[in-house]
Participant: 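Structure below; questions to follow.
FYI, side chains are in, hydrogens and waters are out, and symmetry mates aren't considered; it's all heavy atoms of this structure. Numbers for residues simply follow the sequence, beginning at 1.
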Amino acid sequence: MSDHEEKTIKSDRIYEGKILNLRVDTVELPDKKYSKREIIEHQKAVGIIAFDGKDRLWMVNQYRKPIDKVTLEIPAGLIEPSELPKEAAKRELQEEIGFDSDNIEYLFDTYSSPGFTNEKLSLFLAKDLIPSKLDQDEDEFVERVSISIDDLYDMVFNCELTDAKSVIAILIAKRVLEGKE
């Protein structure tokens with residue numbers, strides 16, 4: 001055990017849901033004291049930086065109940081149990097913005113908020129989009145919009161964009177456009 005690791009002594013499952021579970025772990029801290037950790041186990045997800053031509057990204061407006069707001073986000077969604085992340089990215093492109101891509105590249109994995117959840121998001125870059133629409137999920141209502149990366153970049157620094165995965169994606173997209181991939 002490293003100087004910072006916590007050893008799980010006990011784990012209690014509190015809730016099991018469709019996309020997440022909640023458990024409470026009792027842990028032994030490095031100083032040999034005990035504490036509780038509330039942990040959300042979340043289904044893995046993908047996010048896609050979808051270039052619309054040369055200098056624009058496809059984004060979606062979507063109402064998010066936890067914050068009671070419509071947010072502007074990159075196309076994203078959950079990975080189905082039998083899917084590979086790249087397959088999920090291609091499916092989400094089709095469902096959310098009506099495109100597919102034969103030029104889709106895995107970038108990296110990121111964790112949304114590792115202080116309380118294990119939610120992992122695999123980020124992809126998609127270029128050369130091809131019209132190909134799948135129906136949206138029955139409980140999902142999104143509006144697709146194409147916005148210039150410069151405008152999105154300004155929105156990040158004007159604090160108008162609040163979705164963390166999308167902020168990361170826009171910063172990466174700006175670098176890609178500048179040829180610093």
Participant: Which residues pass the side-chain hydrogen bond (donor to acceptor under 3.5 Å, both in side chains) test with S148, sequence neighbours left out?
Facilitator: D151
Participant: What pairs with D12 under salt bridge (Lys or Arg N to Asp or Glu O under 4.0 Å), at least two apart in sequence or on another chain?
Facilitator: K10
Participant: Give every residue pair that meets the ring pair (Phe, Tyr, Trp, His ring centres under 6.0 Å) criterion with at least one member in residues 65-86, sequence neighbours excluded.
Facilitator: none
Participant: How long is the span from the CG atom in L152 to the CD1 atom in I147, to the nearest 0.5 Å?
Facilitator: 5.0 Å
Participant: Can you run down the side chain to side chain donor-acceptor pair (under 3.5 Å) pairs that involve residues 75-86, sequence neighbours left out, and say none if there aren't any?
Facilitator: E83-R91
Participant: Above 12 or not: heavy atoms from other molecules or residues under 6.0 Å from NZ of K44?
Facilitator: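 It does not: K44 NZ has 12 such atoms or fewer within range.
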Participant: side-chain hydrogen bond (donor to acceptor under 3.5 Å, both in side chains) with Y63: which residues, sequence neighbours excluded?
Facilitator: D68
Participant: Which residues pass the salt bridge (Lys or Arg N to Asp or Glu O under 4.0 Å) test with D128, not counting sequence neighbours?
Facilitator: none
Participant: For E119, what residues pass the salt bridge (Lys or Arg N to Asp or Glu O under 4.0 Å) criterion, not counting sequence neighbours?
Facilitator: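 Salt bridge (Lys or Arg N to Asp or Glu O under 4.0 Å) list for E119, sorted by chain: empty.
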Participant: Check side-chain hydrogen bond (donor to acceptor under 3.5 Å, both in side chains) between N21 and all other residues, then give those that pass, not counting sequence neighbours.
Facilitator: E41
Participant: Who pairs with F51 by ring pair (Phe, Tyr, Trp, His ring centres under 6.0 Å), at least two apart in sequence or on another chain?
Facilitator: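 Expected list: none.
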Participant: Answer yes if the side chains of S35 and R37 hold a donor-acceptor pair under 3.5 Å, and no otherwise.
Facilitator: yes
Participant: Once ring pair (Phe, Tyr, Trp, His ring centres under 6.0 Å) is applied, do any residues pair with Y34, and if so which ones, sequence neighbours excluded?
Facilitator: none
Participant: Among all residues two or more places apart in sequence or in another chain, which pass the side-chain hydrogen bond (donor to acceptor under 3.5 Å, both in side chains) test with E38?
Facilitator: none
Participant: Under the criterion side-chain hydrogen bond (donor to acceptor under 3.5 Å, both in side chains), I'd like the reasoning laid out for S166 against E73: C-alpha separation, chi angles, the key distance, then a yes or no.
Facilitator: CA-CA 5 Å; S166 299; E73 304 178 24; 5.3 Å; no
Participant: Applying ring pair (Phe, Tyr, Trp, His ring centres under 6.0 Å), which residue pairs with at least one partner in residues 102-132 are found, sequence neighbours left out?
Facilitator: Y106-F124
Participant: Have T71 and D163 got a donor and an acceptor in their side chains that come within less than 3.5 Å?
Facilitator: no
